[in-house]
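Protein chains get the first letters and strands the later ones, always in sequence-line order, with residue 1 at the start of each.
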There are 2 protein chains.
Amino acid sequence: MRESNVKDKILDVASRLFYDQGYNLTGINQIIEEADIARASLYNHFDSKTDLLLAYLEQTHHRWFEEMDEFLRQIPGPREKLLAMFDYRIHRQQKVKYKGCHFSKISAEASQHEIKVFALVRVHKERLKNYISHLVHQVEHKGTLDDELLIDTIFLLQEGGIATGSVYRNSQALKNAKRIVETLL
Amino acid sequence: MRESNVKDKILDVASRLFYDQGYNLTGINQIIEEADIARASLYNHFDSKTDLLLAYLEQTHHRWFEEMDEFLRQIPGPREKLLAMFDYRIHRQQKVKYKGCHFSKISAEASQHEIKVFALVRVHKERLKNYISHLVHQVEHKGTLDDELLIDTIFLLQEGGIATGSVYRNSQALKNAKRIVETLL
DNA sequence: GTCTATAAGATGATAGAC
DNA sequence: GTCTATCATCTTATAGAC
């Protein structure tokens, strides 16, 4: 097996377990067992468990936006794209079985001292809000809310919708959030 | 020390640590040390760490709504009460140093098998939404959104606002959320 | 009801052979 | 680069004395 394949395998298994079980409930032992590699092999590719966590967050961040770009590529205008963002999040929510936002989840259980982790969470949320901001400035909307408040509305409805979906294990909140934005746009 | 005082002391210390450090990062050892009680004393009052977690969630739930009732008691009408709910959450957010919703935080790190924990989280969120629902049905609003969508908007803006506040460690999102609701009401 | 001592297992990380 | 063996520490929980 090529070197990179071992590293990828470790990261794949760790990513799945970190999200499904939680970071703190996932031990190094389980990762090496399910990845079927030696204990020292893990520490050859990653300095520590925290290092593995950072790699997980970075990969998840990049894939998240790659998939969204792909999802929205065919959608024509900014209004349609803003609404399709909700479809993307509903689609993704179903794919990950309603366990919530990867970044919010880690943010909730990480030690306060791991400042690099929180920095990555902020980067992710910031980029999402910038994406929404870009589209809102392009769209000709009703003007019930001004641009800045509309950006916040769309962002917060998505964040609230994902959080609520993880509590009820369904997409109802996000579907309602989409209808709200449809009415306001 | 009276029996109940020991039990209260354990629960107080555990509550503080569960929220500040996270449930999984808080060990029984630290709880007994900071509460200054014997190891077996804890197990005399609580069957297990999970039992302690459930007691923490129940107490937090009751106090949360007690404090909100107190906060909103003087506020005159339903419109003002709906807006003051945001003030309550901002006030509370500052008090707990922006570490997010107690229930969402536990929901994010608890094992999927602890179904009683998730049931309590749903109870808490459900009661909050019912409270909002009650007020919205009383208020005479603009009608930009119908009652049901307005209830979801207010609920999701609060949930998103708290989550976002825990990422940025400030109240900006909740303050903007309040302005949005002011515009829509 | 509270105490100390201890159990049995899991934790993250390292040493040294190949 | 991968391996096995091992470390010191921490985990939740229980036994038995007072």
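In plain terms, the two heavy atoms of B:I31 and B:A14 that are nearest each other are CD1-CB, 4.0 Å. Across all non-hydrogen atoms, the minimal contact from A:L25 to B:A110 is CD1-C, 4.3 Å. A pairwise comparison of heavy atoms in B:K125 and B:C101 identifies NZ-SG, 3.1 Å as the closest pair.
Picking from D:dT12, C:dT2, D:dT2 the nucleotide with the shortest atom distance to the side chain of A:N44 gives D:dT2. Proximity note for A:A38 (side chain, C-beta onward) versus C:dT2, D:dC3, D:dT12: the nearest is D:dC3. Comparing C:dG12, D:dT2, C:dT2 by their closest approach to the side chain of B:H45 singles out C:dT2.
Ring centroid separation for the pair B:F65 and B:H124 comes in under the 6.0 Å cut-off.
Remark: A:K105 does not engage B:E109 in a salt bridge, criterion side-chain N to carboxylate O under 4.0 Å. Between B:K129 and B:D152, at least one side-chain nitrogen of the basic residue sits less than 4.0 Å from a carboxylate oxygen of the acidic one, meeting the salt-bridge criterion.
Across the protein-nucleic acid pair, B:I10 atom CD1 and D:dT12 atom P stand 14 Å apart, rounded to whole Å. When rounded to the nearest whole Å, the span between OH of B:Y43 and P of D:dT11 equals 11 Å. To the nearest angstrom, P of D:dT14 lies 12 Å from CG of B:L42. Between the CD1 atom of B:I37 and the C1' atom of C:dT4 there is a distance of 13 Å, given to the nearest Å.
Counting heavy atoms from C-beta on, the side chains of B:L157 and B:N176 never come closer than 4.5 Å.
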What nitrogen or oxygen pairs link the protein and nucleotides 15-18 of chain C at under 3.5 Å?
none

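Counting only residues at least two apart or in different chains, side-chain hydrogen bond (donor to acceptor under 3.5 Å, both in side chains) contacts with residues 78-87 of chain B comprise B:D87-B:K178.
Counting only N and O atoms by type, the side chains of A:Q21 and A:T26 include a donor and acceptor under 3.5 Å apart.
Note on B:S41: a side-chain N or O is less than 4.0 Å away from OP1 or OP2 of C:dC3.
The stretch residues 21-33 of chain A has no heavy atom under 4.0 Å from DNA chain D, so no residue of it qualifies as close.
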